[in-house]
Amino acid sequence: MTATAAPERPAQLSLRRILPPVVTGQEIVLLGVLVVLWVLLGIFTPAFLTPGSIGPLLVQVAPIALVGVGMTFVILTAGIDVSVAAMIMVSAVTTAQLLVAFDLPAVLALLVAIAVGLALGALNGVLVGYGRVHPIIITFGTANIFQWIGLRVFDSSTVNGIPGTLDFLGRGSEGSTLGVPHAFVIAVVAVAVAWWFLRYAKAGRNLYAIGGNQNAARLAGIKVQPRLVVVYAVTGALAGLAACMMIASGTSTLDQSVGSGKELQVIAAVVIGGTSIIGGRGSVVGTLLGAILVQTVVSGVTQLGWPTQLGFLFVGIFILIAVGTDLIRERARRRA
Amino acid sequence: TSRNDTGETAAPGATDGASAEGLTIAFVPKLQGIPYFEAMNTGGQQAAEELGFEWLYQGPTTADAAAQADIVRSFIQQGVDVLFVAPNDPNSMAPLLQEAQDAGIHVATTDTDAPDSVREVFVNQASVEGIGQALTDTLLEAMGGSGKYAIVSCGETAANLNAWIEVQEEYTASEYPDAEIVDVVYAGEDQAMATQMATDLMNSNPDLTGLVGECTSSAPGVAQAVEDAGRTGEVFTVGLGTPQSMLPYLESGSSSGSILWDVEALGYLTGWAGMQLANDGDLGDLSGVDNEALTAVEYDEASGVLLLGPPTVFTAENAGDYDY
Amino acid sequence: MTDTAQRLEPAPQATPRLEMRDISKRYGGVRAIRHADITVRPGTVHALVGENGAGKSTLIKILAGAERPDTGTIAIDGEPVSIHATTDAIALGVQTVYQEPQLFPELTVAENFFVGREITRGPTIDWRAQAPRMLELLDTVGLDRSLASQPLGALSIAKQQQVSIAKALLERASILILDEPSAILTDAEIEVLFGVVRRLAADGVSIIYISHRLDELFRIADEVTIMRDGETVSSQPIGELSVREIAERMVGGEIAEGVREAREHGEPVLELEHLTLEGAFTDVSFSVRAGEVVGLYGLVGSGAAEVGEVVYGMRRATSGRMRAAGDERHPANPSEAKRRGIRMVPANRSSQGSFSFQSIAFNITIGSLGLLSRLPGWVSPKAERRVSDDLIRRLAVKTPSGKQPIGAMSGGNAQKVVLARQIVEQPELLVLAEPTQGVDVGAKEEIHRIIADLAERGAAVLVITTDLAEVQRIADRILVFRSGRVAREFPPSATQASLLAAAAGAVDEPGETLTGQPAPAAQPDAPTDIRSTETGEEPR
Amino acid sequence: MTAVTTTPTDQRRGAAGGIRDWFASGVLKDRAALLLGLIIVLLVVMSILDAVGATSGRFNSDYLASSLIAFVPLALLALAELFVIVSGRGGIDLSVGSMVSLTGIVFAMLYQQVGLPLPVAIVLGVLFGAVLGAINGFLTAYLGYPALITTLATFYAYRSIALVVSDQRPISGPEISAFYDAAKAVELPVIGGSLPLVPLGVVTFLLPVAIVAWFVLNRTTFGRKLYAIGTNDTAAQWAGIDTRRTRMMAFVTAGALSGLVGVYTVAQFASARPDAGTAGSGMALPAITIAVLGGVAITGGIGRLGGILLAALLIVWLNASILLVVPGNEGAQAQLLALGVVLLGASLLSNATIRRRQASGLTKPVSVPATAPGSR
Ligand SMILES: Nc1ncnc2c1ncn2[C@@H]1O[C@H](COP(=O)(O)OP(=O)(O)OP(=O)(O)O)[C@@H](O)[C@H]1O
Ligand SMILES: Nc1ncnc2c1ncn2[C@@H]1O[C@H](COP(=O)(O)OP(=O)(O)OP(=O)(O)O)[C@@H](O)[C@H]1O
Ligand SMILES: [Mg+2]
Ligand SMILES: [Mg+2]
């Protein structure tokens, strides 16, 4: 019988061969592209590679990367969340108003923001998990509703005179230690934790399973729906934290425009990072690099003195390049 | 079925007598919820109470010509007597104003004009030149009459912002030979974007000593960027910012001045002009009005422009007096 | 069989391993199962048979916790149990291999083993603990250990099926459910499977084995329960029945044997000379004449399937000549093949064949839209109804109307529709891959008749199958494929043994191969040989 | 427990038949019915509010008709989304708004600045839109980019190109202002006298397109192929359909429709705005929302024209009604709430098609209560 006929083989397999590689090709490609870009910008602009320039850039990146972590989870489960911008808006305005009204301590402000985001995200999760409607539809719907909530809270005015409570997350000098912005550190920590979680934790690996074949995951005994609720809730919470960063890096007034258009930027960062939009494959490190890439391009165009409207043309092109290389490698992998 | 209803509902507007009784004046801003237009609303309501007409205010949630048109249409349907619009897109508003007039409504513009339209009057906060020059003068006074500066504008397509920018360019070239505008960037209505772009500009032009925030969202943005970069006193900023949002920066010195005008007064003037239109009153004489903010008002019969007066320069001293 | 007989010894009154009583299940208006009873004794292999839609899968889904029964009781080892979720079933020692492998293409084979029941240290997965057991199981089902680190998506369907079987052995089960495990396995792989099943049974595990290949049941099963229209019709030791009796009880009527009498063949319609596709098959030469049915028999991965795909233009041959429907050019794609009168029925009904929530009419006509109106590019509903109704009648598709979505049909009928699509216009050359895989006996019978009928009308037919009985039944000539080559040609009269031998490469008299050069002599490690060729196979 | 009595079998056929007919007749028609119901409810409620004087303006046919000017672009773009989404494989087009902006600018340049005759300029504008769509299509169908990514990229790219080529200034002029007549409300010929003024665009743009689109979707082989590749791409290949070309054509169609909307918005705004399709939240998300609300299954293969038109009509009239009922800023805000609630409500109510595809059994990608056994 075959079993017996099978020749002898090492009894152990090294983990590296069972788990996905530590760094994906996509991450290497992105890193390469980034290095090249930064070098070029360093050459062609006077001050791109100075702390005064990189610092603020990373502060700008932080919220995108942070929400990107959640969005990566969501897209891994073959979902998508187009309501993040609206969630940012709601928790930003709520927090800002409380800061002005009660001069909350930073910790409390953070908790409030995160709690608000968590609540909204959980609503998304419940609807996605139990509503049996495609996530893009659910989150389109909730996005509109969240926006309405946000506008009601704004109550047709801006929030003025926001205290500097959260400045330790901002662009200013309080915002960074030894030139390293705290906001960015937080984002990096979040990415690191997520990376570990997705690679080694049971719950993390199961997300890939859910994204790869939801029905099979259910039959394998994974509680799919609760997991989805958590995933969307976490995204909401991260959006809340990102909202604090935006308050901090923004001016002393907050207006309705907060967060607008961020959902597409976040999705752009995630897909540039090599996460497959159909789920089951992706990495948070890629997302971080993607977020940095997008912001580099936008800032780079400004610093080069080119018309700023060109910035997003390049973002578009980079999306195609990044995903293109991923497609090519994917084909190669399938052939091999 | 009811083709003529509109005519009937609109009739009052056309026939209504001289009194302000039952007079309804509507105002459609470019965008709701921003302090600038909400302040105009306040001024308008104040006028309504004092002069005794009904003041309606409704704006789109995004600065979007189509959304604005829907609201204008609903006001036409409501058969208001006078309709004021601050058009997002003057061209697209023109035909709608025509429709409104055909429905027997007095139409007018405020804050932003729709030049080749049937509007009866344009309530102008300040002349394009006035604003452009005030911005330039205030900034260059701080910069010591020379140096490089850049402009952080907002919506790429905003007509009046682009007009002001043109004036600034010409005026700087002619009046301040040693000064130069190195770049004009567009941040949309997004404060964070404005701040980031200002930061980028300072980095890419180390010898930059001035920044202009061309609209109410980028004015505080550029000041914030200067503060964050810790270059208050080296890089000077001015902008068109509402007093409340600029106050902290005026006090910290990161903003050398905010060029604007008494927005509530502008709203008041708009309301008053509306009443005059409805009663075929003379837009020239404000005798009936006691509002010290409206002393400098001029009316130009020919162009049908009602000018609030020269722009105000807000400083740390006076900015606190305004609650918007 | 003999050891089977011995295992039947234990006294009947021993408490049964599983007792499902009076199980009923409705889906909307459909009564999937009605008062079904089944009793499985410890250490026995219990076959569950029935036509498509008889309720087999549903019954076992209920036991596996994938569906909830409306009524009925389940007792395991005499203890009444309630199974609400798959996890409950697993906890009770019920392991299930579902009809279609329920796996995760993006995860590695190793990970697929443990999804949902990982061995953890704290929150993290403990691979040191997991790896060894998994590797053993790969050996057990005859899979190469090196596959452990492969993404599952890169494996052939058959291998994936084997993985899901191995997976089911991970935890000591008291009841193992296999729902049509053999449908996509080659005979060699089935042998391995049987070995595993026998060993488990010997250890006292009870196995519920669903299959449409009735003949194989006699080699593995101790008892058989027959289902029809959601009811359990009968249940007894399988020795008491013949294949024919079982088949008749399944359909509740007589089945006529379809015999194919030899007849004159016309001109060659398909001629292959030294055709080669890298990694699939090499130097293949044969021809099919008008009115002739040629059977390509080979194990999965033998390369036979790819031959069909090349002929139909799904793939490009790397070298060699091909003359199809009087044209030297290799068809660039199926649409070109179609234009030349070449049609092919794909192997996988659901993923390659059906437009699930479109109507039957849509499914039948979609391959011949040209017929649906005189002016090109246009579609006339009348013509559509005419064409589809005609084929529904011709192929005796069991449906009240062409409006019904194909997704609502069982395998047999769905297969007929997919077949119908390719014979709307009488094809000059018809290629069929696994035309009756997983189709119940009744439908199988009818499909074979249809194929024969097409040949009668002058079509050249190439049937590519891994089903021995089938190829014997319908082919005028049988080409046995092995390791990407035509190993030998047989007449339909050849014995199953010799066919299987040629396919597995066990026995092979040199000189008798079509391709001339002596085929490799009998090898002791034949299966390894097969594996090595399969690994060269390209995943779809 | 041997032979089956025929009665239950018959009952099964009956029951299963009922469900089958319901399914075959389509959850889509269901959706259309739902939307129609909602529209009627809206009209009734509003008429009552109007009667009791709870509305700030008369709610009458004139108002409903005049608000249709916003109906045209919304419906056309939702239709564009229908083609792309139905083509399956995660088909979706985020770039329609940008295409509208860009084609609008190009059209205005050709018409206003180059001075081409109007029909020529319109045709070229639409063709240009088709080219933009072809780029999306090529990237997606032939190079294998996921549609969401392709169109996210081109959304950014087209948008910035529109701003750059127009030097971010709206293009306007006498000709274009006159072109507003193509969109403005007029009296329809012959029967017009008895009807309210209908925006001309409904007749000149929407109606013809809708009729053509209906035939394309239901009476042409392209339509069949479109639904086929959306339902099961692999099976479509095996059926000998050129899936890439079909999918490409879906995007080209979407591009052409966006181009048409680009031209229309020029008329509607009496100027070509480089941000016409991207201002505020942009036109793409509403279009997708309308398509989904109209019963298009985001997973492909399902979607009908009628649903789209009804969905667009519902939203346009709902928005118009809200403005009459809710005064001040709350009015415009309430529109957001309404859209969200309607979308969620409708999808959660009748999501049967999608549910069948995702959830049900272990067997087929989709399955419905079967009849095969019952009907024998
Ligand atoms: N999820 C479902 N929804 C509705 N009806 C279903 C569902 N699953 C099964 N059915 C019904 O239950 C009956 C039995 O289905 P089942 O899959 O058990 O048949 P089967 O015996 O497994 O057929 P096959 O041999 O083709 O696998 C079918 O006729 C069908 O009508
Ligand atoms: N999830 C489901 N929903 C509705 N009906 C189903 C479902 N699953 C199976 N059925 C019905 O059960 C019957 C048998 O289903 P099944 O999928 O087992 O057939 P099949 O697997 O194609 O047959 P076979 O596998 O024996 O060829 C069919 O009538 C099918 O419509
Ligand atoms: Mg089956
Ligand atoms: Mg089954």
Side-chain angles (χ1 to χ4, degrees), chain A residues 80 82-83 85-86 127 130-138 140-152 154-156 214-216 218-219 260-261 263-265 267-268 271-272 276-278 307-324 327-328 330-331, chain D residues 89-90 92 94-95 139 143-150 152-164 167-168 274 280-282 285-286 288-289 292-293 297-299 328-330 332-348 351 354-355 358-362:
Chain A
I80 191 159
V82 291
S83 72
L127 289 173
Y130 299 91
R132 288 176 153 189
V133 176
H134 192 286
I136 200 169
I137 301 172
I138 295 286
F140 268 143
T142 51
N144 282 292
I145 296 174
F146 295 165
Q147 229 173 334
W148 172 77
I149 298 175
L151 291 175
R152 295 310 302 136
F154 264 112
D155 191 17
S156 296
Q214 193 176 111
N215 188 43
R218 188 171 54 85
L219 292 168
S260 71
E263 71 274 57
L264 292 185
Q265 279 184 40
I267 295 173
V271 296
I272 288 179
S276 157
I277 203 74
I278 54 174
T308 42
Q309 313 85 283
L310 278 178
F312 279 99
L313 173 58
F314 292 116
V315 171
I317 292 171
F318 271 107
I319 293 178
L320 291 179
I321 294 175
V323 178
L327 285 174
I328 293 165
E330 195 52 24
R331 298 236 173 88
Chain D
R89 282 257 180 110
I92 194 165
L94 299 176
S95 71
L139 289 167
L143 298 191
Y145 282 91
L148 189 107
I149 289 168
T150 312
L152 177 62
T154 51
F155 158 77
Y156 283 129
Y158 295 161
R159 188 182 64 176
S160 24
I161 295 174
L163 286 167
V164 173
D167 194 15
Q168 73 263 158
S281 52
L285 301 196
I288 296 167
T289 312
V292 169
L293 183 59
I298 202 81
T299 37
N329 287 343
E330 290 78 359
Q333 296 169 1
Q335 293 178 335
L336 293 168
L337 178 64
L339 180 59
V341 170
V342 171
L343 176 64
L344 283 182
S347 317
L348 291 170
N351 61 353
I354 298 159
R355 179 196 292 132
Q358 289 174 341
S360 69
L362 302 162

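Reminder, nothing fancy here: chain letters follow the sequence lines and each chain counts from 1.
When heavy atoms are compared at a cutoff of 4.5 Å, D:Leu143 approaches chain A solely by way of its backbone atoms N, CA, C and O. Both the backbone and the side chain of A:Thr142 come within contact range of chain D, each with at least one heavy atom under 4.5 Å from a heavy atom of that chain. The part of A:Ile277 that comes within reach of chain D is its side chain, from C-beta onward, which places non-hydrogen atoms under 4.5 angstrom from that chain. Proximity to chain D is limited to the side chain of A:Ile136, based on heavy atoms less than 4.5 angstrom apart. The parts of A:Ile138 that come within reach of chain D are both its backbone and its side chain, each placing non-hydrogen atoms under 4.5 angstrom from that chain. Contacts between A:Ile317 and chain D at a heavy-atom distance below 4.5 Å are absent for every atom of the residue. For D:Ile161, the part sitting under 4.5 Å from any heavy atom of chain A is the side chain, from C-beta outward, and nothing else. There is no contact between D:Tyr158 and chain A, counting heavy-atom distances below 4.5 Å. In this structure, the portions of D:Val341 lying under 4.5 Å from any heavy atom of chain A include both its backbone and its side chain. Interface remark: D:Arg159 contributes side-chain atoms only to the contact with chain A (heavy atom separation under 4.5 Å).
Of the inter-residue distances, the one linking D:Leu348 atom CG with A:Leu127 atom CG reads 6.0 Å to the nearest 0.5 angstrom. We find the CG-CD1 distance between D:Leu148 and A:Ile267 to be 6.0 Å, quoted to the nearest 0.5 Å. Expressed to the nearest 0.5 Å, how far CG of A:Leu320 lies from OG1 of D:Thr150 amounts to 7.0 Å. Remark: A:Gln147 CD to D:Gln333 CD distance equals 10.0 Å, nearest 0.5 Å.
Counting heavy-atom pairs closer than 4.5 Å to chain D, the top-ranked of the candidates A:Thr308, A:Leu264, A:Ile272, A:Val271 is A:Leu264. With chain D as partner, the option from A:Gly324, A:Ala216, A:Gly261 having the largest number of non-hydrogen pairs under 4.5 angstrom is A:Gly324. Ranked by heavy-atom pairs under 4.5 Å with chain A, the list D:Ile149, D:Leu339, D:Leu94 is led by D:Ile149. Counting heavy-atom pairs under 4.5 Å between each of A:Leu310, A:Leu151, A:Ile149, A:Ile80 and chain D puts A:Leu151 at the top. Options D:Ile92, D:Ile288, D:Thr289 differ in how many heavy-atom pairs under 4.5 Å they form with chain A, and the most are formed by D:Ile288.
The minimum heavy-atom distance between A:Gly141 and D:Leu343, with the atom names listed, is N-CD2, 3.6 Å. Heavy atoms only, all atoms of each residue included: A:Ile137 and D:Ser347 are closest at CG2-OG, 3.5 Å. Nearest heavy atom pair, residue A:Gly316 against residue D:Ala153, reads O-CB, 3.4 Å.
Taking 4.5 Å as the limit, every side-chain heavy atom of A:Phe140 sits out of range of all side-chain heavy atoms of D:Val292. Side-chain atoms of D:Leu285 and A:Val82, non-hydrogen and from C-beta on, never get closer than 4.5 Å to each other. In this structure the side chain of A:Leu313 never reaches within 4.5 angstrom of the side chain of D:Val164, judged on heavy atoms.
The backbone N or O of A:Val323 sits nowhere less than 3.5 Å from a side-chain atom of D:Tyr145 that would complete a donor-acceptor pair.
Within a 6.0 Å radius of CD1 in A:Ile278, no more than 12 heavy atoms belonging to other residues, nucleotides or ligands are found.
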